[in-house]
Engineer: 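My questions all concern the structure below.
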Protein chains: 2
Amino acid sequence: MPAKEQDKATELKRSLGIAAFVGKSLSDENRLRILLSLCNGRKTVSTIVEEMNLSQPLVSHHLKELRRCLLVKVERKGLFVYYDIADERIIDIIRRLAHLATDLLSQRDTF
Amino acid sequence: MPAKEQDKATELKRSLGIAAFVGKSLSDENRLRILLSLCNGRKTVSTIVEEMNLSQPLVSHHLKELRRCLLVKVERKGLFVYYDIADERIIDIIRRLAHLATDLLSQRDTF
DNA sequence: TACTTAAATAAGTGAATATTGATATATTGA
DNA sequence: TCAATATATCAATATTCACTTATTTAAGTA
C-alpha cells in the first residue's frame, strides 16, 4: 500500500472510537426521525414533540443525546428552544444507511 | 414539495426502523474495526481475533451481531469459517461517519 | 408577586448489550 | 476412534439505554 493510502487508513482507524460514539445516535429510530425532521430547518422542542408523537421528556432525552455527539445545535429564543442540524452530512449518511438497509433486507426476503 | 420528492421522503421515513437496526452495528468500535478489517477481503475468525486483539468469544459475538443485520456473509471451508463484507457500501458509510465525527469533534475543540 | 407555558432534569424500571471464562460443537487427520 | 484445532454457545455479570412519571427550572406575562 502506498504511503498516502496507509496514512489515510491509520487515520481512519484512529477515528473509529469517535465514529462509534456518533454512530450510537444512528442506532435509534426516534433519533433518526428527529434528525430527519430537522433537515428542513430548525424547530422548537414542542414542535418536535408534536411531530414525533413522543412524550416531551423522551424527546428531550434524545435531543440531549444528539447534543452530546454534536449532531445538533441549540438556541434559546425566549420561552422556546430551537434545535437544528449541526452538519448536513449526517442526513446524507442516514439516507445511505436507510437505502443500504432496505436493500439488504429485500435481498434476504427474496429467498 | 413535488409528488416524487414526497414519495421519496415517505419511503425514507418508512425505512428508518430497519436503518436504525443496521445502525446499531455502527455504534460499537469493535464492530467498526471488524468491518473495516474485512474490506480487504474475507478473513477467518481466528485471523480477526488476532488482528483485533479481542477474545474469541467476543469476536464471535460481534460477528453474530453483524450477521443479524446482514452486513457480513459467512462461508465455511473445512475447519475455518470465513467472514466477508456483504455490501461494500457499508465501508463508504463508515468512512463518511468517521470523517464527520472527527470534524465535529475538532470544531468543538477549537474553542 | 403569582400564573402560565416550555423545556430540562430526577428517579426508577426493564430490556438490551458488551464482556469474560468455561464448555460444547464441528471438522480434520492420525 | 482419538486428538487437535476452529468456532460457537452458555452462564454470569456489569453496564448502558429507552422509556415513564413526577418534579424542577427558565422565561414571559398579568
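Naming: A, B, ... by sequence-line order, numbering from 1 per chain. Because the structure is a prediction, the values reported are computed rather than measured.
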Engineer: Checking contacts here: which listed nucleotide (D:dT7, C:dA7, C:dA8) is nearest the side-chain heavy atoms of A:Arg67?
Structural biologist: C:dA8
Engineer: What's the CD-C1' distance between A:Glu50 and C:dA7, to the nearest Å?
Structural biologist: 14 Å
Engineer: With side chain to side chain contact (heavy atoms under 4.5 Å, CB included) as the criterion, how do A:Leu32 and A:Glu29 come out once you've worked through the C-alpha distance, each side chain's angles and the decisive distance to 0.1 Å?
Structural biologist: CA-CA 5 Å; A:Leu32 293 184; A:Glu29 179 176 3; 5.6 Å; no
Engineer: Tell me whether the OP1 or OP2 atom of C:dA6 has a side-chain N or O from A:Arg76 closer than 4.0 Å.
Structural biologist: no
Engineer: Checking all strands, does A:Tyr83 fall into the base, sugar-phosphate, or nothing category for heavy-atom contacts under 4.0 angstrom?
Structural biologist: sugar-phosphate
Engineer: Counting only heavy atoms not in B:Arg95, do more than 12 sit closer than 6.0 Å to its CZ atom?
Structural biologist: no
Engineer: Write down the distance between CG (B:Leu63) and P (C:dT19), rounded to a whole number of angstrom.
Structural biologist: 13 Å
Engineer: Within a strict 4.5 Å, meaning less than it, do heavy atoms of the A:Arg96 and B:Asp92 side chains meet?
Structural biologist: yes
Engineer: Applying the Watson-Crick and G-U wobble criteria at under 3.5 Å, what pairs with C:dA30? Answer none if nothing qualifies.
Structural biologist: D:dT1
Engineer: Less than 4.5 Å apart, any side-chain heavy atom of B:Leu63 and any of B:Ile48?
Structural biologist: yes
Engineer: Determine whether B:Arg67 and B:Tyr83 satisfy the following criterion, side chain to side chain donor-acceptor pair (under 3.5 Å), listing intermediate values before the conclusion.
Structural biologist: CA-CA 9 Å; B:Arg67 243 159 38 210; B:Tyr83 279 84; 2.6 Å; yes
Engineer: In whole Å, I'd like the distance from the NZ atom of A:Lys77 to the C1' atom of D:dA26.
Structural biologist: 17 Å
Engineer: Would you indicate whether B:Lys24, at its atom NZ, is surrounded by more than 12 heavy atoms from other residues, nucleotides or ligands within a distance under 6.0 Å?
Structural biologist: yes
Engineer: Just how far is it from atom CG of B:Asn30 to atom CG of B:Asn53, taken to the nearest 0.5 Å?
Structural biologist: 10.5 Å
Engineer: What integer distance in Å separates B:Glu75:CD from D:dT7:C1'?
Structural biologist: 16 Å
Engineer: Any side-chain heavy atom of B:Val81 within less than 4.5 Å of one from B:Thr44?
Structural biologist: no
Engineer: Can you pull out the residues from residues 37-48 of chain B that lie within a 4.0 Å heavy-atom distance of DNA chain D?
Structural biologist: B:Thr44, B:Val45, B:Ser46
Engineer: Could you tell me whether the side chain of A:Arg31 reaches within less than 4.5 Å of the side chain of A:Leu26, counting heavy atoms only?
Structural biologist: no
Engineer: Considering only side-chain heavy atoms of A:Leu79, which listed nucleotide, C:dT9, D:dA26, C:dA8, is closest?
Structural biologist: D:dA26
Engineer: Encode nucleotides 12-25 of chain D as B, S and - characters from 5' to 3', where the letter depends on protein heavy atoms closer than 4.0 Å: B to the base, S only to sugar-phosphate, - to neither.
Structural biologist: -----SBBSBB---
